[in-house]
Undergrad: 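If you scroll down you'll find the structure; I have some questions about it.
A quick note: this is a predicted structure, and the numbers were derived from the prediction, not measured.
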Protein chains: 2
Amino acid sequence: MEKPDTRSIIIGEADRLFYQQGFEPTSFSDIASSVGISRGNFYYHFKTKDEILEAVIDLRLRNTVGMLAAWEKQGETPADRLKCFIKILIRNQAKIMAYGCPVGTLSNELSKLDHPSKADAARIFSLFKDWLARQFKAMGRKTDAETLALHILGRSQGVASLATAFKDKDYVHSEVDQICRWIDSIEHARDSNSEYSNRGS
Amino acid sequence: MEKPDTRSIIIGEADRLFYQQGFEPTSFSDIASSVGISRGNFYYHFKTKDEILEAVIDLRLRNTVGMLAAWEKQGETPADRLKCFIKILIRNQAKIMAYGCPVGTLSNELSKLDHPSKADAARIFSLFKDWLARQFKAMGRKTDAETLALHILGRSQGVASLATAFKDKDYVHSEVDQICRWIDSIEHARDSNSEYSNRGS
DNA sequence: ATTTTTATAGGACAATTGTCCTACTCCTAT
DNA sequence: ATAGGAGTAGGACAATTGTCCTATAAAAAT
């Protein structure tokens, strides 16, 4: 039977609030009243705010691992998987226009706060980076897979940032289409010289 | 007639602190003690926190207008000016790796807070967008100048975001080089108004 | 049935928040 | 010399912050 599992509910609500409001502006009271428990009870589950931040980052890490694994199974080709990644900008368009990318905005906020957990937040980025690099390697880009991964990851961050500022659907679609075409161009030029190999040299 | 001009000093310190720490985490005390005045005196100059935020955004708008105007004079060709824009990622590398892009991070934070001034913060983005579009128009891209402007602006945001997370200088240089080559490729294909390539080299 | 563990509520606590008020010191104009 | 405003300091204020304590209810174990 399902347990009430207050702890998981707390983490889930904190996850949502940290995304929608940011980490700093979200208080214990916000989370407690959102879950429907008292602040005192909250303390039973988490002693400090940093503790719940760690739990939220941990949840996001696990969710990301699961999501990437699912993408790896369903996508037929690496190119399809890469497109599946970038199209998350369209699937989550409404949320991104309102709150930005959950990975990037948390990472940015914790960097500004110089928070101890900022490195953990960056690890979520690394999960994406490594997964993306894996796809590029599978497409024959052994040497510059990492560079290509950072490139597409950065592109997604830029689109999310401007989508939040301008709330321009056309821009998002235009960029995503363009990145998809770029992925195609990489797929169709598997063993040709790459324009991205300027890094190792 | 040089006045002590405490007000300007306050705005300057608030500007710095809002960038380095974020708007929400920066308190009246932070600013007051940073300027070297009492909190009471602070109230004489600014009644509310939103009031000083407006003043800071106003300062940034004016600074941005000035910076863009200066770039417009010194750069010989539009392509040079565009490169001057994107190379700000390298000139301000240290700050960006520590605190991100001042424009993007403020816009994101205010969006999350759903702050009344979030539209004003986005206006700073618009200044850049319009300036960039003007350069592309001068390069013969009459029809898609706006799209190209949003593209390069988004690219800069993405690089800044990942630079903060990974603190990878090579990545920043690699992306900037690539964008510069993309600018060259646009310059050398002046009359062809077809879809532009995002590929480097 | 009794003890122990788990979970919850309610509030205490000092510190800090944004906001606001009053008293005092300058400087300047009369 | 004096009145008045501009600027500053110090603190009051209620509300909220993160943290912590204790009393108690519910559940589990004995």
Undergrad: Would you kindly give the CZ-to-P distance between F23(B) and dT17(C), to the nearest whole Å?
TA: 13 Å

Undergrad: Any side-chain N or O of Y44(B) below 4.0 angstrom from OP1/OP2 of dG7(D)?
TA: yes

Undergrad: Hey, does the side chain of N41(B) come within less than 4.0 Å of dG7(D)'s phosphate (OP1/OP2), counting only N and O?
TA: no

Undergrad: Nearest whole Å is fine: how far is dA12(C) P from F42(A) CZ?
TA: 21 Å

Undergrad: Think S27(B) has a side-chain N or O under 4.0 angstrom from the OP1 or OP2 of dT16(C)?
TA: no

Undergrad: Could you state the atom-to-atom distance from CG of D50(B) to P of dC20(C) in whole Å?
TA: 12 Å

Undergrad: Taking the nucleotide of DNA chain D with the closest heavy atom to each, which residue, G40(A) or Y43(B), is nearer the 5' end?
TA: Y43(B)

Undergrad: Between F23(A) and H115(A), is the ring centre distance below 6.0 Å?
TA: yes

Undergrad: Nearest whole angstrom, please: distance from the C1' of dG7(D) to the CG of D5(B).
TA: 13 Å

Undergrad: Please answer whether the main-chain N or O of S111(A) pairs with a side-chain N or O of K118(A) as donor and acceptor at a distance below 3.5 Å.
TA: no

Undergrad: How long is the line joining NZ of K47(B) and P of dT17(C), in whole Å?
TA: 20 Å

Undergrad: Establish, with yes or no, whether the OP1 or OP2 oxygen of dG11(C) is under 4.0 angstrom from a side-chain nitrogen or oxygen of S38(A).
TA: no

Undergrad: For H45(B) and dA6(D), is the shortest distance between a side-chain N/O and OP1 or OP2 below 4.0 Å?
TA: no

Undergrad: Has R39(B) got a side-chain atom pairing as donor or acceptor with S29(B)'s backbone, closer than 3.5 angstrom?
TA: no

Undergrad: Quick one: I10(B) CD1 to dG18(C) C1', roughly how many Å, whole number?
TA: 15 Å

Undergrad: F28(A) side chain: which of dT19(C), dT8(D), dT19(D) is closest?
TA: dT19(D)

Undergrad: Looking only at N and O atoms, is any donor in the side chain of R39(A) or the base of dG18(D) less than 3.5 Å from an acceptor on the other one?
TA: yes

Undergrad: Any side-chain N or O of S29(B) below 4.0 angstrom from OP1/OP2 of dT16(C)?
TA: no

Undergrad: Should we say atom NZ of K87(B) is surrounded by more than 12 heavy atoms from elsewhere, each under 6.0 Å from it?
TA: no

Undergrad: If I take atom CD1 in residue I9(B) and atom C1' in nucleotide dG7(D), what distance separates them, rounded to the nearest angstrom?
TA: 13 Å

Undergrad: Is the count of non-hydrogen atoms from other residues, nucleotides or ligands lying under 6.0 Å from K47(B) atom NZ greater than 12?
TA: yes

Undergrad: Between R7(B) (CZ) and dT8(D) (P), how many Å, whole number?
TA: 13 Å

